[in-house]
Amino acid sequence: MFEAKLQQGVIFKKIVDAIKDLVKSVNIDASTSGLSMQAMDSAHVALVSLKLNENGFKDYRCDRPITLGLSIENLSKILKCAGNDDTITLQTDEEEPSSLKFFFENQQASKISEFSLNLMSLDSESLGIPDTDYSSVIQMSSAEFSRICKELSSISETVEIETSKESVKFSVQGDIGAGSITVKNNQSDKDVDRVDLQIDQPVKLTFALRYLNMFNKAVSLSSTVSLNMSEENPLMVEYKIDDLGSLRFYLAPKISD
Amino acid sequence: SQCQTCIDGYYLLN
């Protein structure tokens, strides 16, 4: 028996909206500790990793670990039927479920929707991601980072991110010209302006902006984003989800051949 | 120019 009830169902809707352009089908692994999901994009350039802790759910029960293979496209069709204020419950009684039940309830419990989504059997190609001590960590407004990526992607497809003790520089070079945006440490009490840099070792890495713009669809999940980098390592972009868990994106760098 | 590396070049399949 598996049942997970999320009080703020809108969070689940936002998560699916944030990943639906990146991955087509995913395995959600349910265990006693909560839900986790890991999937690569079709080109194997990016990887998304979701972890939702059981104590972030209104009700959570998972008698034994199960894997739920979902088509993101079909999942988002069903989630379109959930109101932003609804609670969302996932449920199945079977051990090897062929479908997953969804219940959407409005606040007054006066409207209850029930859907059943057919499940897929997907080979789980999960990667072992070691807990990395990143040498450069940037915490900043997710809206601001999203804006920087959008603006720079009109000049070039790739951005070079260079960190130093007191600032991070986003540089682009394209046919029309070049540009850079430098953001300094800023302990402002305004969220949108605050920038925390923890730079143990400076890094200089290059990434495809197309992927960063896809990751930034997760801005609605958290007002802050963290960029985690080490030389010759994928960038890890993390959106923490209050009281529930985190959505992480990993992006492989581009290297000059 | 730069060439794009793959994520599974950095993390090993479980």
Side-chain angles (χ1 to χ4, degrees), chain A residues 22-23 27 29 36 38-49 67 123-132 134 156-161 171-175 204-212 215 228-237 248-257, chain B:
Chain A
L22 193 63
V23 291
N27 274 329
D29 293 308
S36 65
Q38 189 200 92
M40 280 184 276
D41 75 301
S42 52
H44 285 204
V45 170
L47 180 135
V48 58
S49 169
T67 296
D123 56 341
S124 66
E125 42 173 17
S126 82
L127 295 182
I129 302 170
D131 271 342
T132 308
Y134 290 98
S156 168
E157 289 176 354
T158 61
V159 62
E160 179 190 79
I161 304 180
S171 311
V172 286
Q173 192 135 23
D175 304 340
K204 188 190 282 189
L205 291 165
T206 302
F207 299 102
L209 280 160
R210 186 170 79 84
Y211 285 93
L212 295 180
F215 298 172
N228 303 265
M229 289 174 281
S230 287
E231 268 310 318
E232 294 172 13
N233 259 271
L235 160 71
M236 190 269 275
V237 181
R248 290 180 170 182
F249 297 97
Y250 295 81
L251 179 55
K254 301 185 95 166
I255 53 177
S256 37
D257 44 16
Chain B
S1 79
Q2 281 112 357
C3 71
Q4 176 65 58
T5 61
C6 283
I7 199 79
D8 35 15
Y10 296 89
Y11 302 126
L12 301 177
L13 265 173
N14 273 344

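Throughout, protein chains are lettered first and strands after them, A, B, ... in sequence-line order, and every chain is numbered starting at 1.
- Closest approach of A:Gly128 and B:Tyr11 over heavy atoms only: O-CB, 3.5 Å.
- At a 4.5 Å heavy-atom cutoff, the contact between A:Thr206 and chain B is made by side-chain atoms alone.
- The two atoms that bring B:Tyr10 and A:Ala252 nearest to each other are CE1-CB, 3.9 Å, heavy atoms only.
- Residue A:Glu160 holds its CD atom at 8.0 Å from CD of B:Gln2, rounded to the nearest 0.5 Å.
- Rounding to the nearest 0.5 angstrom, the gap separating the CD1 atom in A:Ile129 from the CG atom in B:Leu12 is 11.0 Å.
- We find the CG-CE distance between B:Leu13 and A:Met40 to be 6.0 Å, quoted to the nearest 0.5 Å.
- For the pair A:Val45 and B:Ile7, the tightest heavy-atom approach, listed with the atom from each and the gap, is O-CB, 3.7 Å.
- Within a 6.0 Å radius of CD in A:Glu231, more than 12 heavy atoms belonging to other residues, nucleotides or ligands are found.
- For A:Gln173, no part lies under 4.5 angstrom from a heavy atom of chain B.
- Of the inter-residue distances, the one linking B:Cys6 atom SG with A:Asp41 atom CG reads 8.5 Å to the nearest 0.5 angstrom.
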